[in-house]
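Naming convention: chains lettered A, B, ... in sequence-line order (proteins, then strands); numbering from 1 in each chain.
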Amino acid sequence: MKDLLIIKGGLFMQEVRTRFAPSPTGYLHIGGLRTALYTYLIAKKNKGKFLLRIEDTDQERLVEGATELIYKSLKMVGIQHDEGPDIGGPYGPYVQSERKPIYKKYAEELVERGGAYYCFCKKERLDSLREQAIKNNQTFQYDGYCKGLDKEEVKARLEAGEPYVIRQVIPKTGTTSFYDELFGEIEVENSTLDEGVLLKTDGLPTYNFANVVDDHLMKINPVVRGSEYLSSAPKYNLLYQAFGWEIPKYIHLSQIMKDAHKKLSKRDGDASVEDFTSKGYLIEAIVNYVALLGWSPGDEREFFTLEELEQAFDIKGLSKSPAIFDENKLRWMNGEYIKRMDEGRFHEMALPYYKSAGLPEGMDLQKVSQLLKGRVEVLNEIPEMVDFLVNLADYDIELYVHKRSKSTLESSYENLVKAYKVLETLDDWSEDSIKKVLFDLVEELAAKLNFVLWPVRIAASGKQITPGGGIEILYLLGKEESLRRLQVGIDKLKGAL
RNA sequence: GCUCCCAUGGUCAAGCGGUUAAGACUCCGCCCUCUCACGGCGGCAACAGGGGUUCGAGUCCCCUUGGGAGUGCCA
C-alpha cells in the first residue's frame, strides 16, 4: 500500500507532488505569487514535493533574465522548491525547451495510438476558416481537413520536408468530464472541443500538450493551476486517456482581480511583487495578505507566517469566486507587521528613507524611528511624514487656533513667548529636561497641558499633524533650531495681532 | 455568438437545512491623549431576482440577471 494523503476528504494514493510552472515572460506578479504559494502549500501540507518548471515553449515571448527574476522572487517569499532547473532533480530537465525531443517522441506515439494526426494546413487557410467562423458567429474549430490524409501521403510529405503540426483527435460525439477537487464534476460535449495543435511547426509543444506530458512524466499530482485552464481540462483528460495514463487530481484556483471587471495584470502597473516591496511593503505582509485572498483558514486568525500557513492550509478554505485585490487592506496589514517588528529592524529599514528625506546629520534617528514605528503603514510614506524635521515650511497662523486646547492667536503668542524664555536658559537639551521646564510652566500658569503645548508643537513643526508631540519634536530639532522656530512663530503671531 | 465557471455588506470573508447572518479592512461616533497614530468601546453596511423542494432555505434544484474565463502553431 502506498501513502495515503488526505485532501478534502479524498485520498491520495501516492506522494503529493505539485509544480509551479510559470513562463519566463517577466517578473512574478501578485497572481503568480498566489498560485505559487497555494501550490507550494498544498505540497507542504501533505509532506510532498514542490517543483519549479519553466514553460518557455513560446520562443517569441521569452524575456531575458525572467527566469532569474522568478528564482529571486520565490526566494524572497521564502518558497523553496525541491526540484527545478537550478537545482536539478530526478525528473529533469525542468525547462521545457530542453525537453524538446521528449515531446516529439510522445506526439508521434500519440499519432500511432490514434490520438493525434499530422496537419499540413497553411496559416492562410486557417485564418480564412477562423474569419468565416467569426462571421457566422460560430466558435472556430479546425475542420479536420488533414485528418483523412492517408499514411502514404503523410509519409511522403514529411519526407519532402513540408512543415507540419500535430493535432489532437477529439471524438465527434459524446461527452468528456473531469473532476476538480474544488469545482466538482464538470462535463462538456466533445463537439464543443477543438482539435488543437499539440506540436508546433518549430517542433516545440503547445502548453496544451506539454503540460500533460510533463505533469505525467514528473509524476505531478495534484495538478494545481489557475481557473483559466478549467475549460481546457477536458481536452487534457482526453490526452491522458489516449496515452493510457492515470488522470491526476485537479485543483483550479480562482483569479485575483484588480476590480470587478479587470483581472490584475502587469499592464495595469504595480502588480508585481517587487513593485510592492520597493514601495515599502514587507514581503511577509504581502504573502500573508495574498494567502488570505481566496482562502480562509476557517477561524478568526489572520496573521500567518509561511510556516504557519504550511500547517493551516487546507483546500477546503479555497474560494471558488474571484477575489479583488484591495491595496487598502494590504496597507493595513503591512502597518500591523511594522508595529510588531522589533525596533532595530524597523530602524534599519527606515534608514534609507531618512536619507532620502534629508534628515540632518546630528539628529537622533533612533528616536525618529521610535515615533514612526507605530504610525507608518508603508515605508515609502516616511519622507513626507518627517519633512518638517528638515525644513519649517511657511504655515498658516490659523493653525494656532485650536478649540480643544483653548488656543487662540493671543494665547498662542503669550505661551510661545513664555516657553521661549524657559527653554532659552535650558542647557541640558534632553527630552526629560524639556518636558520638565514646560510642565513646570504649565503648572505655574495653572493651565491645561495642551494650552501651552499646542502652540509649541505648531511653531516647532508648522504642521497640524505630526508624528510625536511638541516635546519630542523640540528634542529632535535641537536647541538652536527649536528656538529659531519658536521665534518664527512669535514673529508671525505678533505681526497678525 | 458558443462552451464552462462563479454569485453573502464597498472589499476580503465565516456559514455547509433551523444563527439576533460571524470576523477583518474601509468609513463614522465616543473614550484615552502634548497633535496624529496606537489602544478601548460603539455604529453604518450583505444573502442579486424569481420559481420550486422542505414543517423550515443564504445553505438543495431550476430559470433569469450580473460577472469572469476559454474560444491562438500564448501560457
Side-chain angles (χ1 to χ4, degrees), chain A residues 21-23 25 55-58 60-61 119 121 123 126 130 133-134 136-141 163-167 180 183 186-189 191-194 196-208 210-211 225-234 252 254-255 257 259-263 289 292-302 317 319-333 335 339 371-377 385 399 402 404-405 435 438-439 442 448-454 456-458 461 463-473:
Chain A
S23 52
T25 55
E55 310 220 327
D56 59 347
T57 56
D58 184 353
E60 288 175 16
R61 290 208 310 162
C119 172
C121 288
K123 191 171 183 301
L126 297 172
R130 189 165 281 118
I134 292 170
N136 296 339
N137 245 336
Q138 304 224 301
T139 302
F140 166 79
Q141 285 192 4
Y164 68 92
V165 300
I166 290 179
R167 286 183 183 274
D180 181 276
F183 292 92
I186 294 173
E187 184 181 66
V188 298
E189 299 279 338
S191 61
T192 65
L193 269 20
D194 183 35
V197 172
L198 265 21
L199 202 72
K200 304 185 278 185
T201 307
D202 65 4
L204 282 165
T206 58
Y207 170 83
N208 296 320
N211 92 79
R225 53 158 86 104
S227 63
E228 64 268 32
Y229 297 104
L230 216 40
S231 43
S232 32
H252 286 91
S254 62
Q255 309 236 265
M257 311 282 290
D259 57 44
H261 304 290
K262 275 179 296 189
K263 78 181 217 183
Y289 174 70
L292 261 18
L293 246 196
W295 175 76
S296 160
D299 56 32
E300 299 297 77
R301 283 183 298 168
E302 52 187 354
S319 166
K320 289 195 273 192
S321 41
I324 295 171
F325 184 88
D326 181 7
E327 185 164 353
N328 209 10
K329 187 153 185 181
L330 207 211
R331 287 186 72 88
W332 165 78
M333 182 160 273
K339 269 174 226 151
L371 296 180
L372 249 32
K373 191 166 165 287
R375 293 174 233 251
V376 175
E377 284 195 317
M385 288 175 87
L399 285 182
H402 182 64
R404 234 164 54 85
S405 70
K435 183 172 179 180
L438 289 179
F439 273 49
V442 168
K448 288 270 201 180
L449 206 48
N450 216 12
F451 187 55
V452 173
L453 283 172
W454 177 269
V456 166
R457 193 182 57 85
I458 296 299
S461 69
K463 289 178 97 174
Q464 185 175 27
I465 294 169
T466 54
I471 293 163
E472 288 158 324
I473 293 170

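Residues that satisfy the ring pair (Phe, Tyr, Trp, His ring centres under 6.0 Å) test with A:F451, not counting sequence neighbours, are absent from this structure. Every side-chain contact (heavy atoms from CB on, under 4.5 Å) that A:Q138 has, sequence neighbours left out, goes to A:N136. Among residues two or more places apart in sequence or in another chain, the side-chain contact (heavy atoms from CB on, under 4.5 Å) test is passed with A:N137 by none. In this structure A:H402 satisfies the side-chain hydrogen bond (donor to acceptor under 3.5 Å, both in side chains) test with no other residue, sequence neighbours excluded.
In this structure, the separation between OG1 on A:T201 and NZ on A:K123 is 11.0 Å, given to the nearest 0.5 Å.
Counting any heavy atom pair closer than 4.0 Å across all strands shown, A:T466 reaches a base atom. Among the heavy atoms of the strands lying under 4.0 Å from A:E302 are primed sugar atoms or P, OP1, OP2 only; no base atom is included. Residue contacts for A:E472: at a heavy-atom cut-off of 4.0 Å it reaches no nucleic acid atom on any strand shown. Residue-level contact check: A:G468 touches the bases, meaning some heavy atom is under 4.0 Å from a base atom. Using a 4.0 Å heavy-atom criterion, one finds that A:T57 contacts the sugar-phosphate atoms exclusively. Using a 4.0 Å heavy-atom cutoff across all strands shown, A:C121 reaches at least one base atom of the nucleic acid.
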Under 3.5 Å, which protein N or O atoms sit close to an N or O of nucleotides 2-11 of chain B? Give each pair with its distance.
from	atom 1	to	atom 2	distance (Å)
B:C2	O2	A:T139	OG1	3.1

Between the protein and nucleotides 37-45 of chain B, which nitrogen or oxygen pairs are less than 3.5 angstrom apart?
from	atom 1	to	atom 2	distance (Å)
B:A37	O2'	A:G374	O	3.2

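Nucleotide B:A45: unpaired (no Watson-Crick or G-U wobble partner with both distances less than 3.5 Å).
In this structure, the side chains of A:P234 and A:L193 come closer than 4.5 Å at one or more pairs of heavy atoms.
Between the side chain of A:R331 and the base of B:U26, no donor-acceptor pair of N or O atoms lies under 3.5 Å.
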